[in-house]
Asker: 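Let me begin by handing over the structure; questions about it come next.
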Amino acid sequence: MPELPEVETIRAGIADHAVGGRIESVEVFSDRAMRRQQGGRDEFAALLAGRTLTGARRRGKFLWLTLDHEGEEALLIHLGMSGQVLVRERTDDAAHLPAHARVRLTLAGSPGNTGSPGRTVELLFVDQRTFGYMWAGPLTPEGLPEPVAHIGRDLLDPALAAGTADYSELVRAIRGTGRGIKTVLLDQRVLSGIGNIYADEALWRARLHYATPAERLRPSRAGELLESARDVLTEALAAGGTSFDALYVDVAGDSGYFERELAVYGREGLPCGRCGRAIVREPWANRSSFRCPACQRKR
DNA sequence: ACTGCGTCCTGGGGGC
DNA sequence: TGCCCCCAGGACGCAG
């Protein structure tokens, strides 16, 4: 399930294997993947045709590829819960497209920084559960695609290094609400990139119960939680992301290896790595939360 | 203004 | 063995 580390892995893969390519054709197989595009698939295709991919950027779970005439327009990708991006040699046989292929871009020119110029590759957006989408359109003056304009910075953004003004503002924002701390961690407007898996992992590291009212955290405690979250994201990124059922793969089709590092998520009944108590799974906001009942008490 | 809940979707797996 | 229901979840829209 793609959260920040998985999306960053994909961003880096696209930078290596697709940026520099010129979009020769755009094939949209699913209107649902175009649901954020006002003008639908025709507008999407018209905007992209002939453009060259100049860079791959990310904020939280949002990934976008800048287009030539830098600073003006971009191709946005959100992976939802099951989205993948595959970049591979172009195949003519449409029957060999993966199941759930939603969009295919054919890239010519000089795609990637490792291959030889003149080859042709395809960038496939594959998404079984269809919560993901693509969108093409203008960048705001801040350099963000319009659907990203309201999304907060993420913990790998240098602007959120500990001690910066933005970091202090983030701590204030977190403590400025009585909502449960996990709800705040998942609010992409406050802080982006964290989903259900890494929220539970960060809370375990910080020994916090998910329902703790955010306003009850002292600034130092909020800071500890943020550093726990930053650590878990960084470690997961180093491992290439988390994968459970092959729904997530990187651009080459390889799965991540962070699953084995998880302390609580998906580990109901297994011993806590700190105290040995059995991890519990509890219904939370129409989903599940995993925690150690001893290390993360409700107080 | 702010919060929280329902909704979209698919296929794998468990239970009967 | 077969069928049905549940479950996973990101982000947004809407109700209160």
Side-chain angles (χ1 to χ4, degrees), chain A residues 1-8 10-11 29-38 58-64 76-85 97-103 125-135 137 144-154 172-203 210-216 229 233 236 241-249 255-256 258-259 262 264-269 280-290:
Chain A
M1 298 157 200
E3 300 181 30
L4 185 153
E6 293 77 24
V7 178
E8 173 57 21
I10 289 169
R11 188 207 62 76
F29 310 120
S30 158
D31 281 320
R32 182 165 160 77
M34 294 285 110
R35 65 190 183 282
R36 299 292 300 271
Q37 192 82 39
Q38 286 279 343
R58 183 189 56 74
R59 175 176 284 204
K61 306 168 196 173
F62 290 79
L63 165 65
W64 65 95
L76 177 69
I77 306 171
H78 197 292
L79 299 172
M81 67 177 289
S82 60
Q84 307 171 14
V85 175
L97 284 175
H100 316 301
R102 307 302 184 191
V103 176
F125 175 57
V126 181
D127 186 17
Q128 180 207 114
R129 296 178 197 170
T130 74
F131 279 19
Y133 61 88
M134 285 179 132
W135 174 92
L144 301 172
E146 285 168 356
V148 186
H150 68 292
I151 298 297
R153 293 186 185 276
D154 64 66
R172 266 194 296 278
I174 286 172
R175 300 180 62 247
T177 174
R179 300 151 85 198
I181 186 59
K182 181 171 173 179
T183 302
V184 179
L185 279 183
L186 293 176
D187 187 338
Q188 306 296 302
R189 296 167 299 181
V190 176
L191 174 69
S192 67
I194 297 176
N196 202 40
I197 297 173
Y198 296 122
D200 280 1
E201 293 298 307
L203 289 166
Y210 53 80
T212 308
E215 64 193 0
R216 290 232 315 260
L233 294 173
T242 302
S243 173
F244 291 94
D245 51 8
L247 287 179
Y248 160 76
V249 290
S255 297
F258 194 66
E259 181 184 0
L262 295 177
V264 285
Y265 187 87
R267 291 178 49 82
E268 180 181 18
V280 296
R281 166 189 179 177
E282 294 164 333
W284 179 85
N286 276 330
R287 349 188 106 62
S288 293
S289 276
F290 296 87

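Throughout, a chain's letter reflects where its sequence line sits, starting with A, and its residues are numbered from 1. Values reported hereafter were calculated over all heavy atoms of this structure, with side chains retained and with hydrogens, waters and symmetry mates removed. From a predicted model like this one, the values you see are computed outputs, not experimental measurements.
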Asker: Rounded off to whole Å, could you give me the CG-to-C1' distance for the Asp31(A) and dC9(B) pair?
Answerer: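 Between C1' of dC9(B) and CG of Asp31(A): 15 Å.
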Asker: Could you check how far CD of Gln128(A) sits from P of dG12(B), rounded to whole Å?
Answerer: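 So the CD-P distance, Gln128(A) to dG12(B), works out to 7 Å.
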Asker: What heavy-atom pair brings Lys182(A) and Ser289(A) nearest, and what distance separates the two atoms?
Answerer: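 Smallest heavy-atom distance, with atoms named: NZ-OG, 2.6 Å.
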Asker: From OH of Tyr198(A) over to C1' of dA8(C), roughly how many Å is that when rounded to an integer?
Answerer: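 In whole Å, dA8(C) C1' and Tyr198(A) OH are 16 Å from each other.
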Asker: Report the distance from atom CE of Met34(A) to atom C1' of dC9(B), rounded to the nearest whole Å.
Answerer: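 Between C1' of dC9(B) and CE of Met34(A): 17 Å.
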Asker: In whole angstrom, give the distance that lies between atom CZ of Arg287(A) and atom P of dC6(C).
Answerer: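 Rounded to whole Å, this separation is 17 Å.
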Asker: Check whether any side-chain nitrogen or oxygen of His150(A) sits under 4.0 Å from OP1 or OP2 of dC12(C), and answer yes or no.
Answerer: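 For dC12(C), OP1 or OP2 has a side-chain N or O of His150(A) closer than 4.0 Å.
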Asker: Whether His100(A) contacts dG11(B) is assessed here as follows: a side-chain N or O lying under 4.0 Å from the phosphate OP1 or OP2. Is that the case?
Answerer: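 The answer is yes; a side-chain N or O of His100(A) sits under 4.0 Å from OP1 or OP2.
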Asker: Can you list everything that forms a side chain to side chain donor-acceptor pair (under 3.5 Å) with Lys61(A)? Sequence neighbours excluded, please.
Answerer: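 In terms of side chain to side chain donor-acceptor pair (under 3.5 Å), with neighbours along the sequence ignored, Lys61(A) is linked to no residue.
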Asker: Classify the side chain of Arg129(A) and the base of dG12(B) as holding, or not holding, a donor-acceptor pair under 3.5 Å.
Answerer: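 Flag unset: no donor-acceptor pair detected.
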Asker: Among residues at least two apart in sequence or on other chains, which ones pass ring pair (Phe, Tyr, Trp, His ring centres under 6.0 Å) with Tyr133(A)?
Answerer: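 Testing Tyr133(A) for ring pair (Phe, Tyr, Trp, His ring centres under 6.0 Å), a comparison that skips the adjacent residues, returns His78(A).
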Asker: Do Arg32(A) and Asp127(A) meet the salt-bridge criterion of a basic N to acidic O distance under 4.0 Å?
Answerer: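 Salt bridge flag = no for Arg32(A) with Asp127(A).
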Asker: Does Ser288(A) put a side-chain nitrogen or oxygen below 4.0 Å from OP1 or OP2 of dA8(C)?
Answerer: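 Looking at the OP1 and OP2 atoms of dA8(C), one of them is under 4.0 Å from a side-chain N or O of Ser288(A).
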Asker: Could you please name the option among dA11(C), dT10(B), dC8(B) that lies closest to any side-chain atom of Phe131(A)?
Answerer: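 Per side-chain heavy atoms of Phe131(A), the pick is dC8(B).
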Asker: To the nearest Å, give me how far apart NE2 (His78(A)) and C1' (dC12(C)) are.
Answerer: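 Computing the His78(A):NE2 to dC12(C):C1' distance gives 11 Å.
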Asker: Nearest whole Å is fine: how far is dA11(C) P from Ile77(A) CD1?
Answerer: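 Value for this atom pair: 14 Å.
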Asker: Please classify the nucleic acid contact of Phe62(A) as base, sugar-phosphate, or nothing, using heavy-atom distances under 4.0 Å.
Answerer: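 Touches sugar-phosphate only.
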Asker: Have a look at the helix from dC2(B)-dG16(C) to dC16(B)-dG2(C) and give the angle its two end axes make, five pairs each, rounded to 10 degrees.
Answerer: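 Here the local axes at opposite ends form an angle of 60°.
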Asker: How many whole angstroms separate atom CH2 of Trp135(A) from atom P of dA11(C)?
Answerer: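 For the pair Trp135(A) CH2 and dA11(C) P, the rounded distance is 16 Å.
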Asker: Ignoring backbone atoms, establish whether Gln188(A) has a side-chain N or O less than 4.0 Å from OP1 or OP2 of dA11(C).
Answerer: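 For Gln188(A), the contact criterion (side-chain N or O under 4.0 Å from OP1 or OP2 of dA11(C)) is met.
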Asker: Arg281(A): which residues meet the salt bridge (charged side-chain N to carboxylate O under 4.0 Å, His left out) condition with it, sequence neighbours left out?
Answerer: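 Salt bridge (charged side-chain N to carboxylate O under 4.0 Å, His left out) list for Arg281(A), sorted by chain: Glu268(A).
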Asker: Can any side-chain N or O of Arg11(A) pair as donor or acceptor with the backbone N or O of Arg58(A) at less than 3.5 Å?
Answerer: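 Between the backbone of Arg58(A) and the side chain of Arg11(A) there is no qualifying donor-acceptor contact (under 3.5 Å).
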Asker: Is it the case that the side chain of Ser82(A) and the backbone of Arg129(A) share a donor-acceptor pair, with hydrogens and angles ignored and the cut-off at 3.5 Å?
Answerer: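 Present.
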Asker: Just the table, please: protein N/O against nucleotides 1-5 of chain B N/O, every pair under 3.5 Å.
Answerer:
| from | atom 1 | to | atom 2 | distance (Å) |
| --- | --- | --- | --- | --- |
| dT3(B) | OP1 | Thr177(A) | OG1 | 2.7 |

Asker: Which nucleotide sits closest to the side chain of Met81(A): dT10(B), dC12(C), dA8(C)?
Answerer: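 Comparing dT10(B), dC12(C), dA8(C) against the side chain of Met81(A), the answer is dA8(C).
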Asker: Going by the rule salt bridge (charged side-chain N to carboxylate O under 4.0 Å, His left out), which residues pair with Arg172(A) if we only count those two or more places apart in sequence or in a different chain?
Answerer: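 Only Glu169(A) meet the salt bridge (charged side-chain N to carboxylate O under 4.0 Å, His left out) criterion with Arg172(A).
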